[in-house]
**Q** 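Structure incoming, see below.
Protein chains get the first letters and strands the later ones, always in sequence-line order, with residue 1 at the start of each. Values in this document were obtained by computation on a predicted structure and should not be read as measured data.
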Number of protein chains: 2
Amino acid sequence: MSTEALTPDRILEATEEVLRRYGPGKATVVDVARALGVSHGSVYRHFRTKAALREAVTERWLEQAVTELAPLAEGPGPAAERLTTWLSALFAAKRRKAGGDPELFATYEVLIGESSAVVAEHVDHLVGQLARIIEDGHRQGEFAAPESGFTMTARAVFDATDRFHDPVHAAEWSAPDIDDAFAAVLALVLRGLRA
Amino acid sequence: MSTEALTPDRILEATEEVLRRYGPGKATVVDVARALGVSHGSVYRHFRTKAALREAVTERWLEQAVTELAPLAEGPGPAAERLTTWLSALFAAKRRKAGGDPELFATYEVLIGESSAVVAEHVDHLVGQLARIIEDGHRQGEFAAPESGFTMTARAVFDATDRFHDPVHAAEWSAPDIDDAFAAVLALVLRGLRA
DNA sequence: CGAGTGACAGATTTCAATATCTGTCACTCG
DNA sequence: CGAGTGACAGATATTGAAATCTGTCACTCG
């Protein structure tokens, strides 16, 4: 089955497929190899361990969210509005993924729990986007000067809204009053940022 | 072994002991009965199911935290200071319990996950204490009038600090920068509340 | 009478044998 | 040469039979 070259990308695609089909508990490297029509030894030539393979899949998946949100962070308009839009989009995207395909979401929850380093980097990217919005807001006189740097403040905003984007809270996202709760926290945060 | 009457309280104590010793996975009603020197049928005379028994233990444990914090919510002084003290005490207590006896904490994490209704009531109590502080702050002109009621605002404060009291985040509480993160969120929240 | 018992049925858990998987490496073959 | 192989050792997962547990209830006995 060597009609196509065995690239890391092809392996990652097959791994995603296997994870989607069998879930995180039953997806094996042998399954991935079988799906590609090669021996599992070949997979190990491209990824040193099963953990590295799963990490690469996780990285890919998280990257998607970052690029989806980037335009919202850079767009024009008042910072408060952009912040609202950005946080709402983050929340909506997470909810959509959690509600739309709960099994796949659960799979990624497991993967995320396995590789905290990858997640930390992803969070840093998101906080970076938040920091940019807040910095813009300050430049336009909309937001007060932060006491301890834009990144620290962005981090605080990210932490304060944790309940609305951290997958560990996914079960709470279908509660009837979750939108009110989100609006209340968002309002509190915006008041805290304003000049 | 009928030297003492078999009361719900004695059963609960024995259950706690058994949970502490064997953990949530291996603690059985038979174990509890054995520890009390009675048959397990007797335990079922006081608690309809094993789940009800566990719930009662959880309730008792959570109650403890509420009564510990109550004096801080009612004490004198500026509301901002009381809020800081209260939230810091909540965070400190959780950290102490998580770090001091991780196994026991893990046990209670499991119990908490089992009975969301009990937890919801407990959260309501805590939010009530927060609401009292915020209401006092408003009465003294320290805090602005909340847009959507004191309870809703208190809930927002509770949600915004979720990362620092929700057991699902316990693993993050030993990170080196967690105190800075807490201080940053607290500062953001206080700015959001101020008049 | 009524708190406590213990045997019971069906559900759940344990345990050990068996199968599968992970990661390595000497090897093949284009 | 070097991408891909497949047999292998040790680790992990599966399986089904046996043991234990949950919840009930007719019963005992002070």
**Q** Taking only N/O atoms, report every protein-nucleotides 16-22 of chain C pair under 3.5 Å with atom names and distance.
**A**
residue : atom : partner : partner atom : Å
C:dT22  : OP1  : A:Val29 : N            : 3.1
C:dT22  : OP1  : A:Lys50 : NZ           : 3.1
C:dT22  : OP2  : A:Val29 : N            : 3.1
C:dT22  : OP2  : A:Val30 : N            : 3.3

**Q** Can you tell whether the side chains of B:Asp101 and B:Arg96 come within less than 4.0 Å, N to carboxylate O?
**A**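 Result for this pair is no, no salt bridge flagged.
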**Q** Describe, in one word, how the ring planes of B:Phe182 and B:Phe91 are oriented to each other, choosing from parallel (under 30°), tilted (30 to 60°) and perpendicular (over 60°).
**A**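 Ring orientation of B:Phe182 relative to B:Phe91: tilted.
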**Q** Which nucleotide wins on minimum distance to the side chain of B:Leu6, given the candidates D:dA3, D:dG6, C:dG4?
**A**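 The nucleotide sitting nearest to the side chain is C:dG4.
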**Q** How long is the line joining OH of B:Tyr22 and C1' of C:dT14, in whole Å?
**A**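 B:Tyr22 atom OH is separated from C:dT14 atom C1' by 16 Å.
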**Q** Just how far, in rounded Å, is P of D:dC21 from CG of B:Leu53?
**A**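 Rounded to whole Å, this separation is 15 Å.
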**Q** How long is the straight-line distance from CE of B:Met152 back to CD1 of B:Ile134, given to the nearest 0.5 Å?
**A**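 B:Ile134 CD1 to B:Met152 CE: 12.0 Å, rounded to 0.5 Å.
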**Q** Distance check needed: C:dG2 P versus B:Arg45 CZ, whole Å only.
**A**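 Checked: the CZ to P distance equals 11 Å.
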**Q** Distance-only check: which donor-acceptor pairs under 3.5 Å involve side-chain atoms of residues 59-70 of chain B, not counting sequence neighbours?
**A**
residue : atom : partner : partner atom : Å
B:Arg60 : NH1  : B:Glu16 : OE2          : 3.1
B:Thr67 : OG1  : B:Glu63 : O            : 3.4
B:Thr67 : OG1  : B:Gln64 : O            : 2.9

**Q** Could you check whether any side-chain N or O of A:Arg163 sits under 3.5 Å from a backbone N or O of B:Asp162, counting only pairs where one atom can act as donor and the other as acceptor?
**A**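 The answer is no, because no donor-acceptor pair under 3.5 Å joins these two groups.
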**Q** On DNA chain D, compare the nucleotides closest to A:Gly25 and A:Gly41; which residue's is nearer the 5' end?
**A**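 Its nearest nucleotide lies further toward 5', so the answer is A:Gly41.
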**Q** Could you list by number each residue of residues 102-114 of chain A showing a heavy-atom separation from DNA chain C of less than 4.0 Å, or answer none if no residue does?
**A**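 Those residues: none at all.
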**Q** I'd like to know if B:Arg155 pairs up with A:Asp180 as an ion pair, taking the criterion as any Lys NZ or Arg NE/NH1/NH2 lying under 4.0 Å from an Asp or Glu carboxylate oxygen.
**A**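 Salt bridge flag = no for A:Asp180 with B:Arg155.
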**Q** Side-chain donor-acceptor pair under 3.5 Å between B:Glu172 and B:His169, yes or no?
**A**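 Per modelled atom types, B:Glu172 and B:His169 side chains form a pair under 3.5 Å.
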**Q** Using ring-ring contact (aromatic ring centres under 6.0 Å, His included) as the criterion, list what pairs up with B:Phe143, not counting sequence neighbours.
**A**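 Result, ring-ring contact (aromatic ring centres under 6.0 Å, His included) vs B:Phe143: none returned.
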**Q** Would you check if the side chain of B:Arg21 reaches a backbone N or O of B:Ala27 as a donor-acceptor pair within less than 3.5 Å?
**A**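 Judged by distance alone, no pair lies under 3.5 Å.
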**Q** Reading 5' to 3' and counting Watson-Crick or G-U wobble pairs with both distances under 3.5 Å, write the dot-bracket notation for DNA chain C, | for bases paired outside the strand.
**A** ||||||||||||||||||||||||||||||
**Q** For B:Arg10 and B:Ala5, indicate whether the former's side chain and the latter's backbone hold a donor-acceptor pair under 3.5 Å.
**A**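 Side chain of B:Arg10 to backbone of B:Ala5: a pair is present.
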**Q** Could you tell me whether the phosphate oxygens of C:dT5, OP1 or OP2, come under 4.0 Å of any side-chain nitrogen or oxygen in B:Ser42?
**A**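 Yes.
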**Q** Can you list, pair by pair, the side-chain donor-acceptor contacts under 3.5 Å of residues 29-39 of chain A, counting residues two or more places apart and other chains?
**A**
residue : atom : partner : partner atom : Å
A:Asp31 : OD1  : A:Arg34 : NH2          : 2.8
A:Asp31 : OD2  : A:Thr28 : N            : 3.2
A:Asp31 : OD2  : A:Thr28 : OG1          : 3.1
A:Ser39 : OG   : A:Gly41 : N            : 3.4

**Q** To the nearest Å, how far apart are A:His46 NE2 and C:dG23 P?
**A**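 From A:His46 NE2 to C:dG23 P: 16 Å.
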